[in-house]
Novice: 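Starting off with a structure, shown below.
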Amino acid sequence: MQGATAPLLANYRNGGYDVSVYADGTKVRETVDAGLAPRLPEQMDLKITQYCDAGCAWCHEQSTPKGEHGDMDATLRLLSVLPAGTEVAIGGGDPLSHPDFEKLVRGLRAQGLVPSVTVNGVHFDRHRPVLERLTSEGQLFGVGFSYADKLPDWDYKHLVVHLIAGVHSPSVMDAATRRHKVLMLGYKRFGRGKKLFEIRTQQVQDTLDAWYRELFWVAREHHLSFDNLAIEQLKPWRLFADSADYERQWMGPEGEFSMYIDAVTQTYALSSYSPERHQWTTMQDMFATIRRVEGFSTAVN
């Protein structure tokens, strides 16, 4: 197991589960009592700003140069009840454009949380000095690079290239080396992504189909992971000779151990492309609501 030789960042009990998080990004979840639901999310996507000047036609967040920033003091208070080791994936908009971005990252680490961030490739050179400093100081534990027109040249071991099935062609991988880790994201028919799909339905579908056909060959040469929407669209379990191997690596469906928080509107949802949004209350109640809506048990001790 990869995490067995990496430093342990945190270990915590969450309802009926023990969770261990390692410095190399490995997470191990062990069931202690399946009758007890997790009290809090293990992982969350946290949107901190609606501002972005990239203008991506598929942006499901519909971010613009007029977008507002979220309140980071209120966000840190909301997340203060999370156990050390909880993973927080910071996004936007352009999250590093937020004037309190560094304050948020340092505040999360002070609470023992494990922050990462996703930056658009368009903005990468602009933000690289801050990213290099925060990663070298152990404040950020991962950087997602949303592919724009070229692969990054930063040799940071926890850099992950984000490719969107339906937007980016598998030919992008022709320029990739084995050091490039890739996260496949499903195509979101939400926000501007919905409009783009209506306009370019065949083009989006052809690109999705190309990934479906070529996934086996790409996976043979490169380190791939998938979000739940990409799992639904690309069916990566096809690549496993033993389904048990796939099940051991899959971390569960949306909402079972995860949720989405929008710090700009102070709302929360199952995921960033969920139309149903709720106003903030407390983390325990918010996560219980997500689990209840999705049909998961909310029984806790």
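Keep in mind that what you see is a predicted model, and the values were worked out from it rather than measured.
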Novice: For residues 6-14, dump all side-chain donor-acceptor pairs below 3.5 Å to protein atoms at least two apart in sequence or in another chain.
Specialist:
{"from": "Asn11", "atom 1": "ND2", "to": "Val19", "atom 2": "O", "distance (Å)": "3.3"}
{"from": "Asn11", "atom 1": "ND2", "to": "Ser20", "atom 2": "OG", "distance (Å)": "2.6"}
{"from": "Arg13", "atom 1": "NE", "to": "Asp18", "atom 2": "OD1", "distance (Å)": "2.3"}
{"from": "Arg13", "atom 1": "NH2", "to": "Asp18", "atom 2": "OD1", "distance (Å)": "3.3"}
{"from": "Arg13", "atom 1": "NH2", "to": "Asp18", "atom 2": "OD2", "distance (Å)": "3.3"}
{"from": "Asn14", "atom 1": "OD1", "to": "Arg39", "atom 2": "N", "distance (Å)": "2.9"}
{"from": "Asn14", "atom 1": "OD1", "to": "Leu40", "atom 2": "N", "distance (Å)": "3.1"}
{"from": "Asn14", "atom 1": "ND2", "to": "Leu40", "atom 2": "O", "distance (Å)": "2.7"}

Novice: Arg238 side chain to Leu234 main-chain N or O, any donor-acceptor pair under 3.5 Å?
Specialist: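 Yes.
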Novice: Look at the side chain of Trp280 and the backbone N and O of Thr267, then say whether any donor-acceptor pair between them is shorter than 3.5 Å.
Specialist: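 Answer holds: yes.
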Novice: Using only atom types and a distance under 3.5 Å, with no angle test, would you say the side chain of Arg292 pairs donor to acceptor with the backbone of Phe296?
Specialist: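 Side chain of Arg292 to backbone of Phe296: no pair is present.
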Novice: Mind checking whether Leu134 and Arg106 have side chains closer than 4.5 Å, heavy atoms only?
Specialist: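 Counting from C-beta outward, Leu134 and Arg106 do come under 4.5 Å.
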Novice: Using the six-membered ring wherever Trp is involved, compare the ring planes of Tyr147 and His168 and label them parallel, tilted or perpendicular (cut-offs 30° and 60°).
Specialist: perpendicular
Novice: Do Glu42 and Pro38 come close enough that some side-chain heavy atom pair is under 4.5 Å?
Specialist: no
Novice: Using the side-chain contact (heavy atoms from CB on, under 4.5 Å) rule, pick out the option among Lys27, Met251, Met259 that qualifies with Gln43.
Specialist: Lys27
Novice: Which hydrophobic side chains are connected to Val293, either touching it within the sub-4.5 Å cutoff or through other members that do?
Specialist: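 Its cluster mates, by chain and number: none.
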Novice: Which heavy atom in Pro41 sits nearest to a heavy atom in Ser258, and how many Å separate them?
Specialist: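 The answer is CB-CA, 4.3 Å.
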Novice: Would you say that Cys56 contacts Asn120 through its side chain, given a criterion of any heavy-atom pair below 4.5 Å between the two side chains?
Specialist: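 Side-chain contact under 4.5 Å: yes.
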Novice: Does atom CD (Glu214) have a neighbourhood of more than 12 heavy atoms from anything else shown, all under 6.0 Å?
Specialist: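 Enclosed.
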Novice: Where do Ala263 and Thr75 come nearest, in terms of heavy atoms and distance?
Specialist: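 Heavy-atom minimum between the residues: CB-OG1, 3.4 Å.
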Novice: Does one side chain, of Thr49 or His69, offer a donor that lies under 3.5 Å from an acceptor on the other?
Specialist: yes
Novice: Does one hydrophobic cluster hold both Val114 and Leu78, with members joined at side-chain heavy-atom distances below 4.5 Å?
Specialist: no
Novice: Look up atom CG in Asp262 and atom OG in Ser274, then write down how far apart they are to the nearest 0.5 Å.
Specialist: 12.0 Å
Novice: Within a radius of less than 6.0 Å around NZ of Lys195, do more than 12 heavy atoms belonging to other residues, nucleotides or ligands occur?
Specialist: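 Open.
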Novice: Measuring from atom CD of Glu61 to atom SG of Cys52, what distance do you get when rounded to the nearest 0.5 angstrom?
Specialist: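 Those atoms lie 10.5 Å apart.
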Novice: Taking atom types as modelled, is there a side-chain donor on Asp209 or Gln205 under 3.5 Å from an acceptor on the other?
Specialist: yes
Novice: According to ring pair (Phe, Tyr, Trp, His ring centres under 6.0 Å), who are the partners of His60, at least two apart in sequence or on a separate chain?
Specialist: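 Testing His60 for ring pair (Phe, Tyr, Trp, His ring centres under 6.0 Å), a comparison that skips the adjacent residues, returns none.
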Novice: Quick one: does Asp227's side chain have a donor or acceptor within less than 3.5 Å of a partner on Gly186's backbone?
Specialist: yes
Novice: Can you tell me how far the OG atom of Ser146 sits from the NE2 atom of His162, to the nearest 0.5 Å?
Specialist: 6.0 Å
Novice: Between Val143 and Val119, is the side-chain contact (heavy atoms from CB on, under 4.5 Å) condition met? List the steps.
Specialist: CA-CA 7 Å; Val143 175; Val119 59; 4.1 Å; yes
Novice: Salt bridge check: are Lys66 and Asp53 linked by an N-O gap of less than 4.0 Å?
Specialist: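 Here Lys66 does not pair with Asp53 in a salt bridge, since their nearest N and O are not under 4.0 Å apart.
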Novice: When you compare the side chain of Glu254 with that of Glu294, does any pair of heavy atoms fall below 4.5 Å?
Specialist: no
Novice: Treating Arg178 as the side-chain partner and His223 as the backbone partner, does any N or O pair qualify as donor plus acceptor under 3.5 Å?
Specialist: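 Not confirmed, Arg178 side chain does not pair with His223 backbone.
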Novice: For Glu30, is the CD atom crowded, meaning more than 12 foreign heavy atoms sit under 6.0 Å from it?
Specialist: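 No, because the 6.0 Å sphere around CD of Glu30 holds 12 heavy atoms or fewer from other groups.
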Novice: Check the pair Trp250, Ile231 against side-chain contact (heavy atoms from CB on, under 4.5 Å), reporting the backbone distance first and the verdict last.
Specialist: CA-CA 10 Å; Trp250 184 46; Ile231 289 173; 3.7 Å; yes
Novice: Side-chain contact test, heavy atoms from C-beta onward, threshold under 4.5 Å: evaluate it for Glu87 versus Ser116 and give yes or no.
Specialist: no
Novice: Taking C-beta and beyond as the side chain, do Val161 and Lys181 meet within less than 4.5 Å on heavy atoms?
Specialist: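 With C-beta onward as the side chain, the pair stays apart.
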Novice: Are Val160 and Val182 side-chain neighbours, meaning at least one heavy-atom pair lies under 4.5 Å?
Specialist: no
Novice: For His222 and Leu224, indicate whether the former's side chain and the latter's backbone hold a donor-acceptor pair under 3.5 Å.
Specialist: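 No.
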Novice: Between Asp94 and His127, is any side-chain donor less than 3.5 angstrom from a side-chain acceptor?
Specialist: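 A donor-acceptor contact under 3.5 Å links the two side chains.
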Novice: Is the backbone of Gln203 close enough, under 3.5 Å, to the side chain of Thr207 for a donor and an acceptor to pair up by distance?
Specialist: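 Answer holds: yes.
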Novice: Take atom CZ in Arg189; do more than 12 heavy atoms of anything else shown fall under 6.0 Å from it?
Specialist: no
Novice: Answer with yes or no whether the hydrophobic clustering places Leu113 together with Phe141; edges join I, L, V, M, F, W, Y residues whose side-chain heavy atoms lie under 4.5 Å apart.
Specialist: no
Novice: Could Lys103 and Asp73 be called an ion pair, given the rule that one side-chain N must be under 4.0 Å from one carboxylate O?
Specialist: yes
Novice: Find out if a path of hydrophobic residues (ILVMFWY) with successive side-chain heavy-atom gaps under 4.5 Å connects Leu46 to Leu140.
Specialist: yes
Novice: Establish whether Val218 and Val167 are linked, either directly or via other cluster members, by ILVMFWY side-chain heavy-atom contacts under 4.5 Å.
Specialist: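 No, it is not one cluster - the side chains of Val218 and Val167 are not joined through contacts under 4.5 Å.
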Novice: Rounded to the nearest 0.5 Å, what separates atom CG in Asp285 from atom OH in Tyr268?
Specialist: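 Answer for the CG-OH pair, Asp285 versus Tyr268, is 7.5 Å.
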Novice: Got a second to check how far Asn228's CG is from Leu185's CG, nearest 0.5 Å?
Specialist: 11.5 Å
Novice: When clusters are formed from ILVMFWY side-chain contacts under 4.5 Å, directly or step by step, what else is grouped with Tyr17?
Specialist: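 Once heavy-atom contacts under 4.5 Å are chained together, Tyr17 belongs with Phe257.
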Novice: Kindly give the heavy-atom pair with the smallest separation between His158 and Ala23, and that separation in Å.
Specialist: NE2-O, 3.3 Å
Novice: Could you walk me through whether Glu256 and Arg291 pass the salt bridge (Lys or Arg N to Asp or Glu O under 4.0 Å) test, one step at a time?
Specialist: CA-CA 6 Å; Glu256 187 174 14; Arg291 288 184 58 86; 5.3 Å; no
Novice: Nearest heavy-atom pair of Pro115 and Gln139: which atoms, and what distance?
Specialist: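 Reported closest heavy-atom pair: CG-O, 3.1 Å.
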Novice: Classify the ring geometry of Trp154 against Phe124: parallel below 30°, tilted from 30° to 60°, perpendicular beyond 60°.
Specialist: tilted
Novice: Minimum heavy-atom separation for Glu102 and Arg133, please, with both atom names.
Specialist: OE2-NH1, 2.8 Å
Novice: How long is the gap from CG on Leu79 to CE on Met283, to the nearest 0.5 Å?
Specialist: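 It comes to 6.0 Å.
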Novice: Please list all pairs meeting ring-ring contact (aromatic ring centres under 6.0 Å, His included) that have one or both residues in residues 180-218, counting only residues at least two apart or in different chains.
Specialist: none
Novice: Could you tell me whether a side-chain N or O of Ser136 sits under 3.5 Å from a main-chain N or O of Glu132, the two making a donor and an acceptor?
Specialist: yes
Novice: Could you work out the complete set of other residues in the hydrophobic cluster of Val264, with links drawn between I, L, V, M, F, W and Y side chains under 4.5 Å apart?
Specialist: none
Novice: Hydrophobic clusters here meaning ILVMFWY residues chained together by side-chain heavy-atom distances under 4.5 Å, can you tell me if Ile261 and Val81 are in one?
Specialist: yes
Novice: Quick one: closest heavy-atom pair of Ala288 and Thr298, and the distance?
Specialist: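 Shortest heavy-atom separation between Ala288 and Thr298 comes out as O-CG2, 3.6 Å.
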Novice: Flag the pair Tyr156 / Thr135 as yes when at least one side-chain heavy-atom distance between them is below 4.5 Å, and no otherwise.
Specialist: yes
Novice: Give the intermediate values and the outcome of salt bridge (Lys or Arg N to Asp or Glu O under 4.0 Å) for residues Asp206 and Arg200.
Specialist: CA-CA 10 Å; Asp206 286 348; Arg200 301 180 183 174; over 6 Å; no
